[in-house]
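In what follows, every chain begins at residue 1, and chains take the letters A, B, ... in the order their sequences are listed.
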2 protein chains.
Amino acid sequence: MTALPKRRRRPDARPDEILDAALSVFSAKGFAAARVEDIAREAGLSKGAVYLYFPSKEAMLNGLVEQSAGQLAKAAEQLVALGAPQDPEAAFRGLLRMLFTAMGDPDINAAPRLVFAEAARFPEIAAHYRSQVLDVARRALRALLAAGVRSGAFRDVDADAFMRATAGPGIAHMALTSIFGFPPDRLTDPAAMADALADILLDGLKPRVAAP
Amino acid sequence: MTALPKRRRRPDARPDEILDAALSVFSAKGFAAARVEDIAREAGLSKGAVYLYFPSKEAMLNGLVEQSAGQLAKAAEQLVALGAPQDPEAAFRGLLRMLFTAMGDPDINAAPRLVFAEAARFPEIAAHYRSQVLDVARRALRALLAAGVRSGAFRDVDADAFMRATAGPGIAHMALTSIFGFPPDRLTDPAAMADALADILLDGLKPRVAAP
DNA sequence: GTGTTATAACTGACTGGTCAGTCAGTAACA
DNA sequence: TGTTACTGACTGACCAGTCAGTTATAACAC
């Protein structure tokens with residue numbers, strides 16, 4: 001077995017390691033109460049070393065949010081690509097599955113949760129997240145809705161309400177499971193929960209009469 | 001005009017005044033970064049006086065959450081009373097209007113926002129909120145759904161998905177407007193947004209054929 | 001009314017602890 | 001032997017919570 005050298009020489013990997021550690025500590029304690037010393041220890045470094053890679057604690061938060069926003073923006077871009085699909089209904093179902101799978105996983109939703117908790121205090125973070133993630137996702141959802149309306153798959157509902165109806169349940173799922181420890185009674189599988197939600201959103205709560 | 005006495009004698013009103021100030025400061029800075037001195041000043045007191053009414057900063061947070069949870073629990077109780085109504089569809093529409101009106105108002109949603117941000121770090125707060133607010137609301141929603149199913153107004157959808165579909169958009173609305181400064185494009189009135197959402201949830205995204 | 005006293009309400013300087021950020025020094029590698 | 005990566009003790013600022021002292025009010029006396 002190769003002995004892990006006590007002092008590893010891989011400065012290229014350090015920033016990401018530090019951001020991982022920072023996410024974990026910020027997530028557990030919140031930005032203000034998080035100690036840089038703890039982040040350093042979790043990253044396997046001393047406090048001083050962390051300051052070789054980031055000029056301040058706030059820079060770590062920014063780096064973290066940027067990284068996460070980048071990933072989410074990519075996911076949203078994929079949605080754009082899927083914005084004018086052959087089958088809007090299937091695309092919508094797939095989107096809900098993605099959303100619930102991501103929002104139900106504490107490792108994945110840690111960054112969005114952090115942004116929710118801290119964005120009010122850091123206007124640049126809110127603005128960055130808004131332009132990089134929310135606006136992109138909004139455009140993707142609008143495109144999906146428009147495609148569905150064009151093809152006759154969807155009714156011409158209000159786009160903003162559509163956005164809230166689609167994304168909101170995902171956020172609620174995240175809050176209920178990851179913040180309040182609220183396991184669903186029956187649908188513990190995120191995909192099953194997404195399907196149940198798709199059923200409500202697509203067919204509505206009112207009983208439906210058979211199509212002619 | 002009556003001159004406001006510099007040192008007012010009304011110890012009974014103090015705790016609530018302090019909690020109001022605490023909500024405002026916690027909301028702006030978060031619990032950890034909030035300074036007791038600032039809360040005191042906002043309540044028109046010195047720091048020392050605050051400690052005559054609350055033993056610690058954390059006690060203020062707890063008091064605040066308890067107060068807010070009490071109010072929300074009351075609102076949820078009203079929903080229970082409305083759980084087996086004559087007209088489940090009208091009740092559901094009314095519920096969404098209440099939810100969006102509350103969640104769109106920064107003064108009203110400040111407390112829930114704070115709980116969202118801090119609950120992960122204060123297990124008792126999460127537990128308290130869960131038992132006093134979330135469980136009550138969940139029971140109310142289940143009762144509403146069950147009543148609707150019984151009367152034939154609603155289909156028999158999954159209760160947990162129903163809860164997420166109903167509450168989630170309200171949370172999304174709160175996040176978009178109060179955290180990210182995201183004004184809707186068209187429906188700036190919360191009641192109109194609620195109605196648009198009700199349209200989606202009740203009738204579904206798919207085109208509906210006329211009832212026979 | 002006008003002193004006198006008691007006490008409830010409050011003040012703000014102070015203490016002790018915490019922690020972000022620094023830097024002189026050390027270890028590992030080339 | 002020079003350079004890069006890192007360490008951890010240290011400093012200065014900040015702030016929760018305390019407490020000796022101050023002020024407003026009430027209560028009672030005359």
Every protein N/O within reach of nucleotides 21-23 of chain C N/O, cut-off under 3.5 Å:
residue : atom : partner : partner atom : Å
C:dG21  : OP2  : A:Tyr51 : OH           : 2.9
C:dG21  : OP2  : A:Lys57 : N            : 2.8
C:dG21  : N7   : A:Lys47 : NZ           : 3.0
C:dG21  : O6   : A:Lys47 : NZ           : 2.9

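Residues from residues 18-32 of chain B placing a heavy atom under 4.0 Å of any atom in DNA chain D do not occur.
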In residues 35-45 of chain A, what donor-acceptor pairs under 3.5 Å come from side-chain atoms, sequence neighbours left out?
residue : atom : partner : partner atom : Å
A:Glu37 : OE2  : A:Arg41 : NH2          : 2.7
A:Glu42 : OE2  : A:Ser24 : OG           : 2.7

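Partners of A:Arg97 under the salt bridge (Lys or Arg N to Asp or Glu O under 4.0 Å) rule, at least two apart in sequence or in another chain, are A:Asp195. For B:Asp107, there are no side chain to side chain donor-acceptor pair (under 3.5 Å) partners, not counting sequence neighbours. Partners of A:Glu66 under the salt bridge (Lys or Arg N to Asp or Glu O under 4.0 Å) rule, at least two apart in sequence or in another chain, do not exist in this structure. Scanning for side chain to side chain donor-acceptor pair (under 3.5 Å) contacts around A:Ser27 gives an empty result, with sequence neighbours left out.
Across all strands shown, B:Ala34 has heavy atoms under 4.0 Å from sugar-phosphate atoms exclusively, and none from any base.
At least one donor-acceptor pair closer than 3.5 Å links the side chain of A:Asp87 to the backbone N or O of A:Ala90.
Set against D:dT7, C:dA9, D:dC15, the side chain of B:Arg35 has D:dC15 as its closest nucleotide.
What separates CZ of A:Phe54 from C1' of D:dC6 is a distance of 16 Å, to the nearest Å. Rounded to an integer number of Å, the gap from B:Tyr53 OH to D:dA16 P is 20 Å. The CG-C1' distance, from A:Leu52 to C:dA24, rounds to 14 Å in whole Å. The nearest whole Å value for the distance from the CG atom in A:Asp38 to the C1' atom in C:dC19 is 11 Å. Following rounding to the nearest Å, A:Glu37 (CD) and C:dT18 (P) show an atom-to-atom distance of 13 Å.
Applying the ring-ring contact (aromatic ring centres under 6.0 Å, His included) rule to pairs touching residues 116-145 of chain A yields A:Phe31-A:Phe122, sequence neighbours excluded. Note on residues 169-194 of chain A: pairs passing salt bridge (charged side-chain N to carboxylate O under 4.0 Å, His left out), not counting sequence neighbours, are A:Asp185-B:Arg138, A:Asp185-B:Arg142, A:Arg186-B:Asp158.
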